[in-house]
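All values below were derived from every heavy atom in this structure, side-chain atoms included, with hydrogens, water molecules and symmetry-related copies excluded. Counting convention: from 1, in listed order, for ligands and their atoms alike.
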Amino acid sequence: MPGTCASLLVIFGASGDLAQRMLLPSLYGLQHAGLLGPELRILGSARSELDDAAFRESVADAVRRNVPAADLDEASLAALLERVAYHAADSGDAESMARLGQRIEAMRTGDILYHLSTAPRFYVPICVALGALGLAGPGTRVMLEKPIGTDLGSATTINDGVARVFDEDRVFRVDHYLGKEGVQNLIALRFGNAMFEPLWNARHIQHVQITVAETVGVEGRGDYYDTSGAMRDMVQNHLLQLVCLTAMEPPARFEPTAVRNEKIKVLRSLRHIGREQVQSETVTGQYTSGAVGGKVVPGYGEELGRGSRTETFVAMRAHIDNWRWSGVPFYLRTGKRMPRRATEIHLQFRAVPHSIFDPRAKIAPNGLTIRLQPEERIELRLMSKTPGLDRAGLQLSQVALDLDMHEEFAASSRRPAYERLYLDALEGNGTLFVRRDETEAAWEWVDAVIDGWRANDIAPKPYPAGTWGPASAVAMTERHGHSWRE
Ligand code: BG6
């Protein structure tokens, strides 16, 4: 149940990269749109010693750098800065946390939302310190950034530590993909239309492809990324959330428990891919130098400054072992330095059971593509008659029914994910956040794959930047008579 709207937002890690690039610009966006309650105060915290004025200066800087010039309005920025304060603290130092606690007490007028945007190893110490200071009781909630751990064991330790202080319904685990318009539109498309549901199953769908392709490399985050790789960085969270929303049964209501109960069933139905299966069901890759968008870019190892066996690309063939999806492969693929940025879900329907046309008329199976990024569009591919008098029999061609959401909703602005997530968390609505059991089930599945790679000594295959990954990713689908959409 949504609680009372929080009137104090405390951001830990407020000087970090995520805060600068996403969080503060999103708070600015909400301020500019008049969506922040008049009483809301924002307290930034990090280790660096800054006073309020210096922090406000850095907030203004971050907003000016990261908000498009057309959306910048100095009056809105000034109004945001008025809400902002800063207090340095170090979670390992009880005295500094106590002083932060006093500041929080002094600013508190109602519910508090803590946002932990630090390295995950600080989550438990921060929560424990807040608990000890009596600042984590009813009326407080906590938002946690990914990654929650690096495997099931470490995720459980973090979740247990946080749970000692915050009950699960006051914990909001962020997967920013759930804040994206396009991802919510997938839910709207599936459950706001009657026509898809009867077809949304193994009887009619031959296979599903989920692609999250990025053109960027590791962008100065090499130290983090090299301990993570695409499997932990993208598959464990974003891709598996997309699998859940694509595959789940209709929840009874669009509310936290109903939606998350359905998502966890999907995660628990994922067929195990372990030591025996990784060779045939997964492909890993690492980019070498190449060209993306006409620009020459270095390879992963050159960016990192050393050799590495970390994967920057993963392709897999997953299965959901339940009635709805029995026998339908879910091909998952994500990689950095791909030829173009594309996040999409593609459902390939089965062929017509019998063709009434001349054998020369090729009938391609229908396909539904839900494109989430860079632009939102929904494309349904159908067969249509090719105009003409057809003396050699009716000719058919594939045509696309193409819905461009940006054009369709030109008057509505597309809001960045964090704006939505902040509003929901401030109001205490956890529908678009990840529950503990989801995170842990996802880790369990991912851990088995990583263990399989290790046990089989599988090293990522090189692929030139600007290509769709190693050739074996193509071979993996072709073996089963399917091909990736490119
Ligand atoms: C993050 C990953 O969670 O998602 C990054 O850590 C990745 O490596 C990013 O680049 C992708 O997010 P988006 O919103 O740009 O698709």
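- Not one N or O of Tyr224 is nearer than 3.5 Å to an N or O of ligand 1, by distance alone.
- For Arg341, every heavy-atom contact with ligand 1 shorter than 4.0 Å involves the side chain, none the backbone.
- Checking Gln31 against Arg83 by side-chain atom types alone, a donor-acceptor pair falls below 3.5 Å.
- Applying the 4.0 Å criterion to heavy atoms of Gln373 picks out, from ligand 1, the atoms 14 (O), 16 (O).
- Ranking the protein heavy atoms by distance from atom 16 (O) of ligand 1 puts Tyr177 OH, 2.5 Å first.
- Within the listing of ligand 1, atoms 5 (C), 7 (C), 8 (O), 10 (O) sit less than 4.0 angstrom from a heavy atom of Lys336.
- Between His207 and His482, the ring planes are parallel. Angles under 30° get that label, and only those over 60° would be called perpendicular.
- Salt-bridge formation is detected for the pair Glu486/Arg333: a Lys NZ or Arg NE/NH1/NH2 atom is positioned less than 4.0 Å from an Asp or Glu carboxylate oxygen.
- Residues satisfying the side-chain contact (heavy atoms from CB on, under 4.5 Å) test with Thr467, not counting sequence neighbours, are Tyr463, Pro464.
- The side-chain hydrogen bond (donor to acceptor under 3.5 Å, both in side chains) test applied to Asp151 returns Ser154, not counting sequence neighbours.
- Ranking protein heavy atoms by distance to atom 8 (O) of ligand 1, first place goes to Asp233 OD2, 2.6 Å.
- Residues Ile148 and Tyr123 have side chains in contact (heavy-atom distance under 4.5 Å, counting atoms from C-beta outward).
- Among protein heavy atoms, the minimum distance from atom 9 (C) of ligand 1 is reached at Glu214 OE2, 3.9 Å.
- Within ligand 1, counting atoms from 1 as listed, the ones closer than 4.0 Å to a heavy atom of Lys146 are 1 (C), 2 (C), 3 (O), 6 (O).
- For ligand 1, the atoms closer than 4.0 angstrom to any heavy atom of His238 are 1 (C), 3 (O), 4 (O).
- Protein heavy atom at the shortest distance from atom 14 (O) of ligand 1 is Lys180 NZ, 2.6 Å.
- Counting only heavy atoms of the protein, atom 12 (O) of ligand 1 lies nearest to His176 NE2, 3.1 Å.
- Side chains of His115 and Glu145: a donor-acceptor N/O pair is present below 3.5 angstrom, by distance only.
- With contacts defined as side-chain heavy-atom distances shorter than 4.5 Å, the pair Gln236/Trp443 qualifies.
- Taking only nitrogen or oxygen atoms, main chain and side chain alike, Tyr225 does not reach within less than 3.5 Å of ligand 1.
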